[in-house]
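For reference, the structure is listed below as structure tokens.
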Amino acid sequence: MTPAPAPDATAAAEATATSDATATSDALAATGSTAAAAPPRLRLATAWLAGCSGCHMSFLDLDELLFVLAERVELVYSPVASDIKTYPEAVDICLVEGAVANTANLELALQLRARTALVISFGDCAVTANVPGLRNLLNREGRGGAAAVLQRSYVDLADGSGRHPHAPGLVPELLDQVWPLHAVIPVDLYLPGCPPSAERIAATLLPLLEGQRPIQAGPAMLRFG
């Protein structure tokens with residue numbers, strides 16, 4: 001049988017434990033927390049300019065990884081995951097789908113650039129203007145840009161009652177030229193693809209969550225289409 005400790009030894013041990021607990025409590029109070037502080041979540045946005053939304057559908061194809069993102073980022077603006085109408089301040093990362101084809105696209109592009117630390121050109125329409133940019137062929141033929149597009153679409157091919165759409169403040173005016181995103185604002189990263197695969201999106205976003213620059217090399221990351 002193990003002998004019981006002497007009363008003086010027991011009292012000394014209890015006093016030491018109490019002293020240690022008090023010191024630990026004081027140290028935690030000094031840091032203002034009882035646990036290690038979690039790193040702040042990044043403020044993530046996605047924007048949709050002149051595009052088909054295919055890039056955003058591919059973003060949703062991240063599937064289970066969306067749960068990981070939900071723990072690591074705060075989604076502050078997105079046409080597929082938020083009803084917020086005004087682009088917020090102090091955004092860390094923004095994925096921008098689509099070309100710049102009308103006045104609303106241009107306004108949003110300028111606004112998000114001013115309020116975002118890192119802008120990603122998201123998909124081929126943002127990177128090259130792609131399909132929306134096909135109407136630029138009318139400019140090369142000297143047929144008047146936006147006016148020629150409206151004439152052909154709403155008058156020439158109409159059933160006899162066609163007219164140019166014009167509703168200031170409701171329908172944004174077309175620009176005479178469709179531009180890739182980098183032609184109107186500085187872009188930090190390019191994420192090509194029509195649409196980019198979920199794997200390519202993940203390979204871009206996950207390093208950024210760790211404060212690292214993604215490696216963009218080889219066909220798996222840079223192939224168009």
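- Ring geometry for Tyr190 versus His182: interplanar angle over 60°, hence perpendicular rather than tilted (30 to 60°).
- Around atom CD of Glu74, more than 12 heavy atoms belonging to other residues, nucleotides or ligands sit under 6.0 Å away.
- Scanning all heavy atoms of the two residues, the minimum distance from Asp92 to Arg41 falls at OD2-O, 4.5 Å.
- If you chain together hydrophobic residues whose side chains sit under 4.5 Å apart, Leu106 and Val127 fall into the same group.
- The structure places CG of Leu205 at 6.5 Å from CD1 of Ile93, a figure rounded to the nearest 0.5 Å.
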Q: Evaluate the salt bridge (Lys or Arg N to Asp or Glu O under 4.0 Å) criterion for residues Glu89 and Arg43: first the C-alpha distance (whole Å), next the side-chain angles of each, then the deciding distance (0.1 Å), finally the verdict.
A: CA-CA 10 Å; Glu89 300 279 357; Arg43 289 167 59 81; over 6 Å; no
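- Ile120 is listed as a side-chain neighbour of Leu208, based on a closest heavy-atom distance under 4.5 Å.
- In the displayed structure, Leu157 atom CG is contacted under 6.0 Å by more than 12 heavy atoms of other residues, nucleotides or ligands.
- A 4.5 Å side-chain heavy-atom check between Val100 and Ile185 finds every atom pair outside the cut-off.
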Q: For the pair Leu65 and Ile201, evaluate side-chain contact (heavy atoms from CB on, under 4.5 Å) and give the outcome as yes or no after the intermediate values.
A: CA-CA 11 Å; Leu65 185 57; Ile201 297 170; over 6 Å; no
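- When Leu42, Leu209, Leu75 are each tested for a side-chain contact (heavy atoms from CB on, under 4.5 Å) with Leu69, only one passes: Leu209.
- In this structure, Glu97 contributes its side chain and Gly51 its backbone to no donor-acceptor pair below 3.5 Å.
- Listed for the Arg113 side chain is a donor-acceptor partner under 3.5 Å among the backbone atoms of Thr116.
- The closest donor-acceptor contact from the side chain of Asn130 to the backbone of Pro132 lies at 3.5 Å or more, if one exists at all.
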